[in-house]
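This report concerns only the one structure given below.
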Amino acid sequence: MVDKKLAGAGLRGQSAGETALCTVGKTGAGLTYRGYDMKELAEKAQFEEVSYLLAYGKLPNQSELDAYKAKLKNLRALPEPLKVVLEQIPADAHPMDVMRTGVSMLGNLETENDFSEQTDHIDRMMAAFPGIINYWYNFTHNDKRINVETDADSIAEQFLWTLHDKKPDPLHVKVMHASLILYAEHEFNASTFTARVCASTLSDIHSCVTAAIGSLRGPLHGGANEAAMDMIEQWKSADEAEEAIMGMLARKDKIMGFGHAIYRESDPRNAIIKEWSKKLSEAVGDTHLYAVSERVEAVMWREKKLFCNADFFHASAYHFMGIPTKLFTPIFVCSRASGWTAHVMEQRANNRIIRPSADYTGPESAEWVDIKDRA
Ligand SMILES: CC(=O)SCCNC(=O)CCNC(=O)[C@H](O)C(C)(C)COP(=O)(O)OP(=O)(O)OC[C@H]1O[C@@H](n2cnc3c(N)ncnc32)[C@H](O)[C@@H]1OP(=O)(O)O
Ligand SMILES: O=C([O-])CC(=O)C(=O)O
């Protein structure tokens, strides 16, 4: 096996373009969306204020917010052919594949024919995503064709309502708003960069989002929240968790939900979702999962100076809200689609096809050998 080169690999540390949407780990600023501190947004805003900010460039005033939410509410219905497709997808499919197919099918039915239509298609996707995943989930897991045209006031409430097919607990809705805000935007992360590369070929908005979903699915990116849950739910106490983590570190296993490509000492989103996880743990009378998570956090810092990223405490928080583990990463899609699509618009507004160069490492030249003479 070739020794893995870390320095410079993965385009780390290289600027790949400009953005006015987000700063990640900027000295003195931290994580900001269009200049607004993510912490303040997560504490004070509804997710729709943030998705509006990303899409339309400013925080909405009250009447703009009301109109935006009313528009999204009217865009929740799923076209019949999309429901037919969702019903064909097997119950054991990965929900991220369902999301990918869902948005791709939507693009066939409601094609973006001109970039002047982009914000309408973006609003439509933001409105439809919770219904897409939860229509499929309820059809295949609970034998139910749910009504996705609910009275939910927000995307946060719509996700929980369509999942459980009833009006959700207001505390859970509040946590979902914060969670969707935390996940909304993160500069040139892998899935956003994928969306921008696709956009740079002047492709359509559904293709950009479909491509981004494929990138987010991987366990090194969005898929880490599910992987973290699969890991922590095995342990019944903090001591058991510590022993297991020590073993995993000795075997050089990767611990999901830890580390980051840009942050070096902490991920500012962690403290916020951790606090919500604690509150939810108390609300549901959790006996060990929060304690297990806290111990894993402490051991990882003590042993490796690795910190929780946004995904780690999302695992327990979502679990406490009764969300099945396999739906964790699709929630990330419901949120990050706001960031992806804002980047697509930004790319389109000042486009040049993204096409970097590569350092060639293959043979200098190779001589043709007839097929009958090849080893
Ligand atoms: C919302 C998000 O997408 S946040 C990221 C979610 N992903 C995860 O939680 C997956 C686990 N974490 C990781 O795999 C990595 O930390 C990444 C992918 C997030 C960042 O990767 P890099 O930029 O290469 O990280 P970095 O340079 O800090 O680390 C290099 C080395 O540190 C060690 N390391 C980093 N993270 C971890 C971890 N979670 N567990 C164990 N070792 C780790 C490894 O030795 C790694 O080298 P390797 O990839 O060859 O095994
Ligand atoms: O920025 C990254 O590389 C990954 C991440 O945290 C995100 O996309 O939210």
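Whatever order the structure lists ligands and atoms in, that order sets their numbers, starting from 1. Below, each value reflects all heavy atoms present in this structure, side chains not excepted, and no hydrogens, waters or symmetry copies.
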Please state whether the rings of Y56 and Y68 are parallel, tilted or perpendicular, taking 30° and 60° as the class boundaries.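 Correct class here is perpendicular.
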
Judged by atom type as modelled, is there a donor-acceptor pair below 3.5 Å linking the side chain of N225 to the main-chain atoms of A315?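 Not at all, since once roles are kept as given, no pair shorter than 3.5 Å links the two residues.
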
Spell out, as yes or no, whether a donor-acceptor pair under 3.5 Å connects the side chain of Q234 to the backbone of M231.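 It does hold such a pair.
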
Decide whether an N or O pair under 3.5 Å exists between H260 and ligand 2.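 Looking only at distances, the answer is yes, because the N/O contact criterion of under 3.5 Å is met.
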
Close N or O approach (G257, ligand 1; < 3.5 Å):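 Yes: some nitrogen or oxygen of G257 is under 3.5 Å from one in ligand 1.
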
Examine L220 against ligand 1 and note whether any of their N/O atoms are separated by less than 3.5 Å.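 Right, the criterion is met.
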
So for [X], does at least one of its heavy atoms come nearer than 4.0 angstrom to any atom of ligand 1?
| X | answer |
| --- | --- |
| R264 | yes |
| P219 | yes |
| I262 | no |

Any heavy atom of E187 closer to ligand 2 than 4.0 angstrom?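 No, E187 has no heavy atoms under 4.0 Å from ligand 2.
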
Close-contact set for ligand 2 against R269 heavy atoms, below 4.0 Å: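 That gives atoms 5 (C), 6 (O), 7 (C), 9 (O) of ligand 2.
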
Taking only heavy atoms of [X], which atoms of ligand 1 are found under 4.0 Å from at least one of them?
| X | answer |
| --- | --- |
| R12 | 22 (P), 23 (O), 24 (O) |
| D253 | 41 (C) |
| A224 | 6 (C), 7 (N), 8 (C), 9 (O) |
| F332 | 1 (C) |

Which one holds for D311 and ligand 1: side chain close, backbone close, both close, or neither close, with close meaning a heavy atom under 4.0 Å?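 Side chain only.
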
Give me the nearest non-hydrogen protein atom to atom 8 (O) of ligand 2 as residue plus atom name, then the distance to 0.1 Å.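 Minimum-distance protein heavy atom for atom 8 (O) of ligand 2 reads R336 NH1, 2.8 Å.
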
Ionic contact status for K39 with E43, cut-off 4.0 Å: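 No, this pair does not count.
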
Taking atom 36 (N) of ligand 1 as the point of reference, which of F312, F307, F258 owns the nearest heavy atom?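 Residue with the shortest heavy-atom distance to the ligand atom: F258.
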
Atom 3 (O) of ligand 1: which of H186, M256, H221 has the nearest heavy atom?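 The residue whose heavy atom sits nearest atom 3 (O) of ligand 1 is H221.
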
Is any side-chain heavy atom of D311 closer than 4.5 Å to a side-chain heavy atom of F332?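 In short, these two side chains touch, coming nearer than 4.5 Å.
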
